[in-house]
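Here is the structure we will look at.
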Amino acid sequence: MQRPRAARSDQWRRAMRQPPRANDYRDCWCGDLLPADAGRRLRVAGWVHRRRDHGGLVFIDLRDRSGLLQLVFHPESRAAHELAHTLRPEHVISAAGTLRERDQENVNPEMATGALELDVSELQVLARARTPPFAIDEEQPIDELTRLRYRPLDLRRAPAARRLALRHELIALIRRLLHERDFLEVETPLLTRSTPEGARDFLVPSRLARGSFYALPQSPQLFKQLLMVGGIERYFQIARCFRDEDLRADRQPEFTQLDLEMAFVAEEDVIEVIEAVMAPVLELGGVAVAPPPWPRLTHAEALARYGSDRPDLRYGMEIADVSQLVAASEFRVFTAALQSGGVVRAINVGQRQLSRSALEGLNDVVAGSGAKAVAPIYVGAEGGAWTGNLARFFSADQVAAVNDALSARAGDLLLFVADEAAAAAAALAVLRAHFAEHFSLIDADAHAITWVTGFPMFEWSESDRRWVSLHHPFTAPALEAHERALLREDPASVRSRAYDLVLDGVEIGGGSIRINDAQLQREVFAAIGIDEREAEERFGFLLEALAYGAPPHGGIALGIDRIVAICSGSESIREVIAFPKTASGLDPLTGAPAPVDAAQLRELGLRQAGA
RNA sequence: GGGGGCGUAGCUCAGCUGGUUAGAGCGCUGCCCUGUCACGGCAGAGGUCGCGGGUUCGAGCCCCGUCGCUCCCGCCA
């Protein structure tokens with residue numbers, strides 16, 4: 001097998017801003033030394049990155065966070081030279097000597113300090129290292145389980161260190177920009193009470209109140225609203241959030257949000273702040289998006305044109321609704337779907353020839369979306385007439401109208417889905433994503449960001465047999481005071497004042513204008529089946545706070561992990577979290593979660609069920 | 001909860017249609033080497049083929065189960 005060439009450049013490492021305080025270990029960083037430093041007598045410390053032992057001369061590449069520096073051991077410095085033979089990768093050493101400029105022919109142009117080397121006269125081994133389970137000095141991909149099991153070693157590798165450094169830079173910028181805009185960073189409790197709506201809570205048993213439990217927060221939502229009532233006016237937090245649900249590449253049981261809330265604001269105020277903060281953050285992260293103001297799509301528009309409420313705008317193939325255009329056709333699949341209240345929608349895949357089996361395979365591609373089938377039609381060369389065995393069901397006028405709606409040209413492949421609106425949208429969204437991937441339509445450097453607004457306030461939950469909040473129950477409805485009866489009478493018609501931020505088809509944040517009136521909050525609770533008593537019991541503290549003069553307020557939460565993942569080109573947010581968990585919620589490093597002593601359980605008043 | 005992919009040396013992988021003693025590169029150990037920078041040379045060690053069961057004269061390979069990793073659906077306001 002061809003062995004991938006190890007990265008030889010350590011240029012990515014950021015220059016350290018100031019030298020370390022000189023002590024017994026070191027007085028300089030490795031990676032920052034310049035030719036002007038040649039001649040200095042200095043001491044460096046770090047890990048043995050690589051060793052090249054010639055028997056006579058010994059070369060060591062020494063690594064610290066700032067980068068690499070070559071150490072040379074000459075036989076003349078006998079003690080150091082002898083000790084140098086015993087060095088192995090990842091041993092921790094401190095070395096003192098004279099920094100020299102290398103002879104011209106010995107310069108390594110691929111190394112930031114490649115024109116320099118430290119002529120070592122004194123070597124101290126601070127710690128020996130076992131042979132690491134994988135090489136630190138290569139970029140070769142290692143099985144993720146192994147990396148997590150040995151995460152401290154993995155973090156020594158350049159890609160992991162680079163991602164953590166980027167994460168820090170982005171968060172530091174966020175803090176600075178929000179500080180400049182008069183936001184206060186306020187911490188909120190991690191031990192709080194369980195709330196009924198939303199994700200499953202992680203519970204923490206109470207020792208002092210036996211039989212009762214804290215919950216880890218799914219987000220600081222309620223606390224930030226209380227901070228608004230408390231007159232903080234502009235709050236933010238880099239907040240850890242916890243949700244006990246099944247995991248994905250972009251979901252961890254604990255994750256980090258930029259949580260933010262503002263008083264006396266409407267949608268535009270929150271959006272303006274986020275654009276002002278996130279534009280420079282994305283720029284620093286190397287993600288080039290259009291300058292603000294960023295585009296807005298309504299929820300309905302996003303579903304109609306892209307089939308998804310988090311549309312990926314990096315590629316075209318917009319969906320067109322052709323229901324009216326084919327209603328009079330002879331094609332029973334279409335007309336039957338329309339008669340039962342469904343829709344016929346299509347995308348134009350462009351000049352693509354797919355084999356018969358590939359076309360049939362599309363049915364499998366959309367299978368998970370609930371739609372039954374995909375009907376492919378090719379646009380022929382002659383005047384846009386359709387080819388294939390479905391063509392005969394459509395009149396020339398119908399063909400022309402559909403071609404027009406899809407901007408179809410000769411040779412284009414059109415894909416139709418006839419189904420209930422939601423299933424059709426989902427299927428076409430899957431097809432868009434499938435072809436974007438399959439035909440490599442997405443330029444690695446291309447990014448597209450958009451707001452999605454105008455969400456429905458509620459959606460019907462078939463499993464719970466009730467309306468549930470699409471965003472959360474504290475989101476304000478887009479209703480005038482005299483329209484409030486709609487919350488009871490026609491919940492489906494009510495829009496909320498929520499907004500999502502979508503980058504490259506990933507929901508990176510969402511927020512809303514909140515309810516600041518206790519009575520309206522009660523009515524919204526009632527609409528989702530939380531009666532007066534339950535509302536008082538679970539959310540009494542919120543209702544009480546709202547009753548004491550709550551300013552109009554709203555905010556947003558942005559997924560820091562997802563943002564850093566996109567900025568660093570990571571497939572999974574695990575890559576941008578120092579100590580992540582596996583897809584089954586385990587930490588291979590610590591072994592968490594783990595059983596506890598019976599005594600610990602007793603103290604908490606807990607007993608294991610069964611057994 | 002459901003579906004797909006993966007699991008062979010410390011790491012990354014190969015292993016044909018089921019057939020002799022399971023291989024490679026890197027790493028590791030020992031020796032040699034004074035200008036290397038993925039140093040080089042010589043020699044060597046290293047395997048519960050994830051685990052359990054089954055089929056077979058014979059299983060790394062086929063079947064069943066199970067565990068782990070991973071992706072997706074459900075779920076995640």
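Throughout, a chain's letter reflects where its sequence line sits, starting with A, and its residues are numbered from 1.
Spacing of C1' atoms, B/U20 relative to B/G15, comes out at 15 Å, to the nearest Å. Nucleotides B/U12 and B/U17 have their C1' atoms positioned 28 Å apart, rounded to a whole Å. Between B/U29 and B/C13, the distance separating the two P atoms is 24 Å to the nearest Å. The gap from the P atom of B/A22 to that of B/G41 amounts to 28 Å, rounded to the nearest Å. Separation of the P atoms belonging to B/C11 and B/G50 is 13 Å when rounded to the nearest angstrom. Distance check on atom P: B/C57 versus B/G23 gives 27 Å, rounded to whole Å. When the C1' atom is compared between B/C49 and B/G68, the two are found 16 Å apart, to the nearest whole Å. Comparing the P positions of B/C69 and B/C63 gives an interatomic distance of 24 Å, to the nearest angstrom.
Centre separation under 5.5 Å together with a plane angle under 30° does not hold for the ring of A/His54 and the six-membered base ring of B/U36, so they are not marked as stacked. By the criterion of a centre-to-centre distance under 5.5 Å and near-parallel planes under 30°, the ring of A/Phe134 forms no stack with the base of B/C11.
Among the heavy atoms of the strands lying under 4.0 Å from A/Arg574 are primed sugar atoms or P, OP1, OP2 only; no base atom is included. Nucleic acid contact for A/Asp103: none, since no nucleic acid atom lies under 4.0 Å from a heavy atom of the residue. At a threshold of 4.0 angstrom between heavy atoms, the contacts of A/Ile528 with the nucleic acid are absent. Using a 4.0 Å heavy-atom criterion, one finds that A/Glu76 contacts the bases of the nucleic acid, with or without backbone contacts as well.
For B/C6, the paired base is B/G68 (Watson-Crick or G-U wobble, both distances below 3.5 Å). With a cut-off of 3.5 Å on both Watson-Crick or G-U wobble distances, the partner of B/C75 is given as none. In this structure B/C31 sits in a base pair with B/G41, meeting the Watson-Crick or G-U test at under 3.5 Å.
The phosphate of B/C28 has neither OP1 nor OP2 within less than 4.0 Å of any side-chain N or O from A/Thr131. Dashed line: the shortest gap from a side-chain N or O of A/Arg88 to OP1 or OP2 of B/U29 is under 4.0 Å. Considering only side-chain N and O atoms, A/Arg200 lies nowhere under 4.0 angstrom from the phosphate OP1 or OP2 of B/C75. In this model, the phosphate group of B/C39 is not approached by any side-chain N or O of A/Arg51 to a distance below 4.0 Å at OP1 or OP2. Residue A/Ser584 places at least one side-chain N or O closer than 4.0 Å to OP1 or OP2 of B/C69. Side-chain N/O atoms of A/Arg50 include none lying less than 4.0 angstrom from OP1 or OP2 on B/C26.
Side-chain atoms of A/Ser570 do not come within 3.5 Å of backbone N or O of A/Ser572 as any donor-acceptor pair.
With hydrogens and angles ignored, a donor-acceptor pair closer than 3.5 Å exists between the side chain of A/Asp246 and the base of B/G74. Applying the 3.5 Å distance criterion, the base of B/C33 shares no donor-acceptor pair with the side chain of A/Arg52. Remark: the A/Glu144 side chain and the B/U70 base include no donor-acceptor N/O pair separated by less than 3.5 Å. Side-chain atoms of A/Arg102 come within donor-acceptor range of the base of B/C37, with a qualifying N/O pair under 3.5 Å. For A/Glu117 against B/G35, a side-chain N or O and a base N or O form a donor-acceptor pair under 3.5 Å. Taking 3.5 Å as the limit, the base of B/G74 and the side chain of A/Arg248 contain a donor-acceptor pair of atoms between them.
Sequence order on RNA chain B of the closest nucleotides to A/Gly585 and A/Leu470 puts A/Gly585 first from the 5' end. Mapping A/Leu145 and A/Gly198 onto RNA chain B via the closest heavy atom, the residue that lands nearer the 5' end is A/Leu145.
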